[in-house]
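In listed order, ligands and their atoms are each counted from 1. What you see is a predicted model, and the numbers here were worked out from it, not measured in a lab.
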Amino acid sequence: MNKILLHICCGPCSTVAIERLKGSLEIAGFFYNPNIYPEEEYELRLENAKKVCEMNNVPFILPTYEQEKWEKTVKGYEDAEEGGERCKRCITMRLRETAERAKNEGFNFFGTTITVGPKKPSEKIAIYGAKIEEKIGIPFYHCDLKKKGGIQRSIDLSKEFGLYRQNYCGCRYSLSRCQI
Ligand code: SF4
């Protein structure tokens, strides 16, 4: 079976992603999310993502929480709208790290759970993934996890497993907007 290194953004999104991919791919989870703010929130999402992987017997890889590197990546675009240039840089950074790790460790594909997110158009993620695929030299496994009721399925599974579901995307900028 082909192996995928799956970038996991949070527990809820990973529920439906793992459910849909595990029949055809051998999955390892990769929690690279230096965008998440504050650190307590990072720890909470990490704990929930790990729980989902453990329940599914999926190996879980935890790289360093590189907050400063993330801040530099989005510098100058702090005020951009959600879905704009800041998000492009943020998602590309996380996918690139996943692709590099996947290539170095002999995976066949890299992918992400981000397409479950209602505000994350899968067409954009596909473009980011394709660019990284070309640059790093490992195929991006594009899958629109919102399709066929993916969002609702992730909500249902999260309730069933008692997972924490956040109400903002992750960075300090999305948090401040959510509190307005
Ligand atoms: S809103 Fe989400 S995708 Fe956009 S920069 Fe913030 S954490 Fe990243």
Legend entry - Crowding at NZ, Lys3 (>12 non-hydrogen neighbours, <6.0 Å):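 Atom NZ in Lys3 is crowded, with more than 12 foreign heavy atoms closer than 6.0 Å.
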What is the closest protein heavy atom to [atom], and at what distance does it sit?
| atom | answer |
| --- | --- |
| atom 2 (Fe) of ligand 1 | Cys169 SG, 2.3 Å |
| atom 6 (Fe) of ligand 1 | Cys171 SG, 2.3 Å |
| atom 8 (Fe) of ligand 1 | Cys90 SG, 2.4 Å |
| atom 5 (S) of ligand 1 | Arg86 NE, 3.2 Å |

Inset, instruction - State, without any angle test, whether Asn33 and Arg45 hold a side-chain donor-acceptor pair at a distance under 3.5 Å. - result: no
Inset, instruction - Assess Cys87: does it contribute an N, O or S atom lying under 2.8 Å from atom 8 (Fe) of ligand 1? - result: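 Not a single backbone or side-chain N, O or S atom of Cys87 is under 2.8 Å from atom 8 (Fe) of ligand 1.
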Legend entry - is_close_aromatic(Tyr42, Tyr65), centroid dist under 6.0 Å: yes
Inset, instruction - Taking only heavy atoms of Ser174 into account, list the atoms of ligand 1 that are under 4.0 Å away from them. - result: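 With Ser174 as reference, the close atoms of ligand 1 come out as 1 (S).
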Inset, instruction - State the atoms of ligand 1, each with its element, that fall below the 4.0 Å cut-off from a heavy-atom position in Lys120. - result: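 Going through ligand 1 atom by atom, the ones under 4.0 Å from Lys120 are 3 (S).
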Could you tell me whether [X] and [Y] have a side-chain N and a carboxylate O separated by less than 4.0 Å?
| X | Y | value |
| --- | --- | --- |
| Arg96 | Glu100 | no |
| Glu68 | Lys72 | no |
| Lys50 | Glu54 | no |

Legend entry - ligand 1 contact by Arg89, heavy-atom criterion under 4.0 angstrom: no
